Novice: 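Can you keep this structure in mind? I'll have questions shortly.
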Amino acid sequence: MSLALLLDSLLSLLLPDRCAGCGRLGALLCDECRHRLVVYDEALPRVADQLTGVRIAYVFEGPLRHALHQLKYRRRRRVARPLGTLMASHLHTHPLPCDALIPVPLHQKRLKERGFNQAELLAREVARATGFPLVVGPLVRIRATRQQALLGVAERIENVADAFVWKGPAPPARIVLVDDVLTTGATVNACAAALRAGGAREVYALALARSRGHMP
Ligand SMILES: [Zn+2]
């Protein structure tokens with residue numbers, strides 16, 4: 001166990017949880033923030049030609065935006081627990097055929113900087129709640145790509161093309177990729193291309209959130 005994780009665990013024993021959405025004491029994600037979550041019902045991205053299907057749970061705004069910020073940039077790993085549970089609930093009501101959950105990998109360099117992969121933490125919670133197997137390792141990000149947030153759609157596709165490769169025996173037939181935020185879908189689509197090249201038959205993407213008003 002890393003020192004950061006050990007400290008996080010010790011602090012959680014000593015201090016009450018603080019809501020990652022609004023900051024009040026009591027729970028990692030309070031009931032009020034849960035009620036403010038907005039189900040995503042807008043158009044899905046069209047970029048994703050390698051994907052069999054895409055599921056997005058919530059609109060990326062309000063308490064969810066705050067909570068993901070706490071997880072990724074304030075490095076509050078435990079926030080992955082309620083967020084991953086929300087993704088598992090979404091999967092429960094909108095089922096997908098799944099032989100394995102695979103988180104979108106970070107490049108080694110980014111992983112070292114952050115200390116963890118938020119998509120992997122979320123996927124672990126989804127696996128725990130659903131019983132689907134988690135596969136981490138063989139899907140590798142071989143290129144350090146630029147931040148997608150700074151790029152337009154065409155640039156995003158180009159930026160992540162061939163950034164991923166499957167290094168292992170044939171992957172399971174039906175895979176659900178897990179990521180925190182999906183924007184154009186270029187990243188999950190590039191992962192799906194690598195999985196298909198490795199032999200996967202159906203590849204779905206499950207994301208916690210997407211901003212409103214993106215072009216499909
Ligand atoms: Zn709250």
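Values reported hereafter were calculated over all heavy atoms of this structure, with side chains retained and with hydrogens, waters and symmetry mates removed. These numbers come from a predicted model, not from an experiment.
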Novice: Indicate if Leu134 and Phe132 have the same hydrophobic cluster label, given that clusters are the connected sets of ILVMFWY residues with side-chain heavy-atom separations under 4.5 angstrom.
Specialist: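 Leu134 clusters together with Phe132.
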Novice: Going hydrophobic residue to hydrophobic residue with side-chain gaps under 4.5 angstrom, can you get from Ile175 over to Leu206?
Specialist: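 Shared cluster, no.
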Novice: Are the side chain of Tyr40 and the backbone of Ala43 linked by a donor-acceptor contact shorter than 3.5 Å?
Specialist: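 Present.
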Novice: Give a yes or no on whether a salt bridge exists between Asp180 and Lys72, defined as a side-chain N under 4.0 angstrom from a carboxylate O.
Specialist: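 Counted as a salt bridge, because a side-chain N and a carboxylate O are separated by less than 4.0 Å.
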Novice: Can you get from Leu139 to Leu121 by hopping between Ile, Leu, Val, Met, Phe, Trp and Tyr side chains that sit under 4.5 Å apart?
Specialist: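 No: no chain of side-chain contacts under 4.5 Å links Leu139 to Leu121.
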Novice: Do Leu101 and Val135 have side chains that approach each other closer than 4.5 Å (heavy atoms only, starting at C-beta)?
Specialist: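 No, side chains not in contact.
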Novice: What verdict does the side-chain contact (heavy atoms from CB on, under 4.5 Å) test give for Ile102 and Val176, after you've listed the backbone C-alpha separation in whole Å, the side-chain angles of each residue and the deciding distance to 0.1 Å?
Specialist: CA-CA 6 Å; Ile102 298 184; Val176 175; over 6 Å; no
Novice: Starting from Leu91, can I reach Leu182 by hopping between I/L/V/M/F/W/Y residues whose side chains sit under 4.5 Å apart?
Specialist: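 Looking at the clustering, Leu91 is in a separate group from Leu182.
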Novice: Between the main-chain N or O of Gly23 and the side-chain N or O of Arg18, is there a donor-acceptor pair closer than 3.5 Å?
Specialist: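 It does hold such a pair.
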Novice: Yes or no on side-chain contact (heavy atoms from CB on, under 4.5 Å) for Leu28 and Cys19, after CA distance, side-chain angles and deciding distance?
Specialist: CA-CA 4 Å; Leu28 279 171; Cys19 173; over 6 Å; no
Novice: Determine the interplanar angle of the Tyr73 and His69 rings, folded into 0 to 90°, and report it as parallel if under 30°, tilted if 30 to 60°, perpendicular if over 60°.
Specialist: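 Because their plane-to-plane angle lies in the 30° to 60° range, the rings of Tyr73 and His69 count as tilted.
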Novice: Let me confirm one number: the NZ-NZ distance from Lys109 to Lys112, rounded to the nearest 0.5 Å.
Specialist: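 Answer rounded to 0.5 Å: 10.5 Å.
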Novice: If you look at every heavy atom in Asn117 and Pro105, which pair is closest and at what distance?
Specialist: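 Between these two residues, the closest heavy atoms are ND2-CA, 3.7 Å.
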Novice: State whether Glu120 and Arg124 are salt-bridged, where the test is any N-O pair (Lys NZ or Arg NE/NH1/NH2 against Asp/Glu carboxylate O) under 4.0 Å.
Specialist: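 Salt bridge flag = yes for Arg124 with Glu120.
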Novice: List the atom of Ser211, the atom of Arg65, and the distance in Å for their closest heavy-atom pair.
Specialist: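 Of all heavy-atom pairs spanning Ser211 and Arg65, the closest is OG-NH2, 4.0 Å.
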Novice: Establish, from distance only, whether the side-chain atoms of Glu202 and Tyr204 form a donor-acceptor pair under 3.5 Å.
Specialist: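 Yes, a side-chain donor-acceptor pair sits under 3.5 Å.
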Novice: Rounded to the nearest 0.5 Å, how far does CG of Asn189 lie from CD1 of Ile157?
Specialist: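 It comes to 8.0 Å.
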Novice: Looking at side-chain heavy atoms only, is the closest gap between Val203 and Gln50 below 4.5 Å?
Specialist: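 Not in contact.
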Novice: Can you confirm whether more than 12 heavy atoms, excluding those of Glu155, are under 6.0 Å from its CD atom?
Specialist: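 For Glu155, atom CD is crowded (more than 12 foreign heavy atoms under 6.0 Å).
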Novice: Grab the two heavy atoms, one from Gly198 and one from Trp166, that are nearest each other, plus how far apart they are.
Specialist: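 Nearest pair, atom of Gly198 first, then Trp166: CA-CD1, 4.2 Å.
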Novice: Taking C-beta and beyond as the side chain, do Arg141 and Thr187 meet within less than 4.5 Å on heavy atoms?
Specialist: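 Heavy-atom side-chain distance check passes, below 4.5 Å.
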Novice: Measuring only between side-chain heavy atoms, which start at C-beta, is Arg156 closer than 4.5 Å to Thr183?
Specialist: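 A side-chain contact exists here, since the closest heavy-atom pair is under 4.5 Å.
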Novice: Taking atom CZ of Arg74 as the centre, does the number of heavy atoms from other residues, nucleotides or ligands within less than 6.0 Å exceed 12?
Specialist: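 Check fails, neighbour count at 12 or below.
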Novice: From Met87 CE over to Thr130 OG1, what is the distance, rounded to the nearest 0.5 angstrom?
Specialist: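 That separation rounds to 11.0 Å.
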Novice: Testing the basics here: between Pro82 and Arg34, what is the closest heavy-atom pair and its distance to 0.1 Å?
Specialist: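 Reported closest heavy-atom pair: CB-NH2, 3.8 Å.
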Novice: Taking the side chain as every heavy atom from C-beta outward, state whether Thr52 and Arg174 have any pair of such atoms under 4.5 Å apart.
Specialist: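 No, side chains not in contact.
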Novice: Would you check if Val59 and Arg210 make a side-chain contact, meaning some heavy-atom pair closer than 4.5 Å?
Specialist: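 Answer no - side chains too far apart.
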Novice: Would you say Gln118 and Arg77 make side-chain contact, with heavy atoms under 4.5 Å?
Specialist: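 No; the side chains remain at least 4.5 Å from each other.
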Novice: The test is side-chain contact (heavy atoms from CB on, under 4.5 Å); show your working for Arg78 and Asp17 and say whether it passes.
Specialist: CA-CA 10 Å; Arg78 285 182 306 125; Asp17 283 321; 2.7 Å; yes
Novice: Check Arg24 against Cys30 and note the closest heavy-atom contact, atom names and distance.
Specialist: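 Shortest heavy-atom contact: NE-SG, 4.0 Å.
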Novice: Nearest 0.5 Å, what's the OG1-NE2 distance between Thr85 and His90?
Specialist: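 Thr85 OG1 to His90 NE2: 14.5 Å, rounded to 0.5 Å.
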Novice: Testing the basics here: between Ala119 and Val104, what is the closest heavy-atom pair and its distance to 0.1 Å?
Specialist: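 Scanning both residues completely, I find the closest heavy atoms to be CB-O, 3.7 Å.
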Novice: Would you give the length of the straight line joining atom OG of Ser89 to atom NE2 of His94, rounded to the nearest 0.5 angstrom?
Specialist: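 Answer rounded to 0.5 Å: 11.0 Å.
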Novice: Taking Arg55 for the side chain and Pro95 for the main chain, is one N or O donor matched with an acceptor at less than 3.5 Å?
Specialist: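 Side chain of Arg55 to backbone of Pro95: a pair is present.
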Novice: Measuring from atom SG of Cys22 to atom CD of Glu32, what distance do you get when rounded to the nearest 0.5 angstrom?
Specialist: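 Between Cys22 SG and Glu32 CD, I get 6.5 Å after rounding to 0.5 Å.
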Novice: Count I, L, V, M, F, W, Y as connected when their side-chain heavy atoms are under 4.5 Å apart, and connections chain through other members. Are Leu106 and Leu83 then in the same cluster?
Specialist: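 No, no single cluster joins them.
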Novice: Do the non-hydrogen side-chain atoms of Phe164 and Leu195 ever get within less than 4.5 Å of each other?
Specialist: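 Heavy-atom side-chain distance check fails, nothing below 4.5 Å.
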Novice: Okay, side chain of His92, backbone of Ala88: is any donor-acceptor separation there less than 3.5 Å?
Specialist: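 Not a single qualifying donor-acceptor pair exists.
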Novice: Could you walk me through whether Leu86 and Leu29 pass side-chain contact (heavy atoms from CB on, under 4.5 Å), step by step?
Specialist: CA-CA 11 Å; Leu86 288 173; Leu29 191 63; 3.9 Å; yes
